[in-house]
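Structure first, then comments.
We name chains A, B, ... by the order of the sequence lines, and we start the count at 1 in each one.
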There are 2 protein chains.
Amino acid sequence: MKKPMDCLSSKSTELRIREAAERVFLEKGFDGATSRDIAEAAGINIALTNYYFRSKEKLFMQIFEDLVQLFFNGMVEIMNKPISLRDKIAELIEHDFQLLKNNPNLSNFIMNEVHRNPDRMASCIGVMKEIHHSMFEQQLQHEISLGNVRPIKALHVMPMAFANIQFLFIGKQMHMKMWQMDEAAFEDFINQHKQIVIDMVTSYLFDFKKE
Amino acid sequence: MKKPMDCLSSKSTELRIREAAERVFLEKGFDGATSRDIAEAAGINIALTNYYFRSKEKLFMQIFEDLVQLFFNGMVEIMNKPISLRDKIAELIEHDFQLLKNNPNLSNFIMNEVHRNPDRMASCIGVMKEIHHSMFEQQLQHEISLGNVRPIKALHVMPMAFANIQFLFIGKQMHMKMWQMDEAAFEDFINQHKQIVIDMVTSYLFDFKKE
DNA sequence: TTGGTATTTAAACACTTGTTTAAAAAAACC
DNA sequence: GGTTTTTTTAAACAAGTGTTTAAATACCAA
């Protein structure tokens, strides 16, 4: 008869594999990452990845889904906050900035893997529904009806906020090469740019000439 | 003794390989594309890719460099046009939009391959120097000194223009899933968004309160 | 300790990878 | 025509891929 698995000892290595795989997948993508890369990064035998997770694909999907959650959860949380729209948009941008500062490859990774295999998004529909059902859209329409905000669809506001931030990290290597920045200079650059973006987006939405 | 190669007959298949490889690389990336994928897409024997190009890497680099040129050349051309700064920025955005409409994976592809192997940019330094030596930066500083443009560095203006366009295509699949758009709806969306972006960026730069 | 379970290992598996070979077919030249 | 060169092919190569196996080790309750 099977005893309940004592997860305390095994969890340690299972977690080591997960975390190592996350690093490797984020860096090289699904195609570029090999089972042996992951095993080496985790410091374990190759067979163990298939012992704990059943295949490379399964391991990947676990990590992918978690990263999609990470990508959207904080966003949804802010969208449902009971604060002014102006603060909300600024906070959304700020959050995206911090998220990508902590996970510079996150956006690049997700966009890529979704592009290569759109079906992978299927398991993440839930999070996206939450975005639609959040307070954000109705709050935006309300402010527009009051004449406080330029008439615009949420569909356009969201990419407006995120594109300007995520593009910095998606094209990090390119920006650094193009403007000959080192890591320190790049950090200065994105800090300044974030403020400019918040300024530009909010003033475009809120400070417009009513006709 | 070697006769000069009659390129007319061979060029046909060499070109077929190049064009097929471009399609496959753009779609799957270097890691995801196999020699057999390319051969099949071109409808030729596998050995021919290494007969005309010496390796997968060499074939890739030719294509990659050409695509980097495509990515930047039109941009540089506009930056050196003798037109007003306002028109120039609008035209840069418009050009980027058309470029990516014709090559939806271009930005994603370049950002990715540069990230995976930054050395690949080495051969493309020339184009990037042209950007620095273009009329754009001095024209911007001139307009700023006249008080016509908000004080800002070119370093910040360029991502401002391109991020908002390229992000639409980088995240195309994601946007379509999230807002449940088909191809036609997506086309409408990006057309509208492009106009909004031009409006937002130019009004942010030019219509500011002078203090 | 002992026996049974969970974990880890080295080795091998079948298959795909990029690349090469050597022969066949096509083309070009006299 | 015949000969040489270029182009194309099928087949094979060694190395790398994800995955499995079977034996070894560690663990733990009885």
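- Rounded to whole Å, the distance from CD on A:Glu14 to P on C:dA6 is 14 Å.
- If you measure from atom CD1 of A:Ile46 to atom C1' of D:dT19, you get 10 Å, rounded to the nearest angstrom.
- Closest approach to the A:Thr34 side chain among D:dT17, D:dT9, C:dA10 is made by D:dT17 (side chain taken as heavy atoms from C-beta onward).
- Among the protein residues, A:Ala33 comes within range of the sugar-phosphate backbone only, with heavy atoms under 4.0 Å from sugar or phosphate atoms but none that close to a base.
- Between the P atom of D:dT8 and the CZ atom of B:Phe53 lies a distance of 12 Å, rounded to the nearest Å.
- In this structure, A:Asp37 and A:Arg54 both approach DNA chain D, and ranking their closest nucleotides by distance from the 5' end singles out A:Asp37.
- Taking atom CD on A:Glu57 and atom P on D:dT17, their separation rounds to 17 Å, with Å as the unit.
- Ring centroid separation for the pair B:Phe60 and B:Phe30 comes in under the 6.0 Å cut-off.
- With ring centers used as reference points, A:His193 lies 6.0 Å or more from A:Phe186.
- Distance B:Asn45 CG to D:dT8 P: 10 Å, rounded to the nearest Å.
- Listed nucleotides D:dT21, C:dT8, C:dT20 differ in distance to B:Ala47; the shortest reach to its side chain belongs to C:dT20.
- When distances are taken from the side chain of B:Lys56 to each of C:dG18, D:dT19, C:dT8, the shortest belongs to C:dG18.
- Comparing C:dA6, D:dT17, D:dA10 against the side chain of A:Tyr51 picks out C:dA6 as the nearest.
- For A:Thr13 and C:dT7, the shortest distance from a side-chain N or O to OP1 or OP2 is not below 4.0 Å.
- Across all strands, B:Thr49 comes closer than 4.0 Å to no nucleic acid atom at all (heavy-atom distances).
- If you take CG of A:Leu48 and C1' of C:dA6, they are 12 Å apart, rounded to a whole angstrom.
- One donor-acceptor pair, N or O on each side, does fall under 3.5 Å between the base of C:dG18 and the side chain of B:Arg36.
- Under a cut-off of 6.0 angstrom, the local environment of CD in A:Glu57 is crowded, with over 12 non-hydrogen atoms contributed by other residues, nucleotides or ligands.
- For B:Tyr52 and D:dT9, the OH to C1' distance is 13 Å, given to the nearest whole Å.
- Of the listed nucleotides (D:dT19, C:dT17, D:dT8), D:dT19 has the atom at the smallest distance from the side chain of A:Asn50.
- Taking atom CD1 of A:Ile44 as the reference point, atom C1' of D:dT19 lies 14 Å away to the nearest angstrom.
- Checked options B:Ile131, B:Val157, B:Asn80; the residue passing with B:Phe136 is B:Val157 (criterion: side-chain contact (heavy atoms from CB on, under 4.5 Å)).
- Checked by atom type, the side-chain pair B:Thr13/B:Tyr52 shows a donor-acceptor distance below 3.5 Å.
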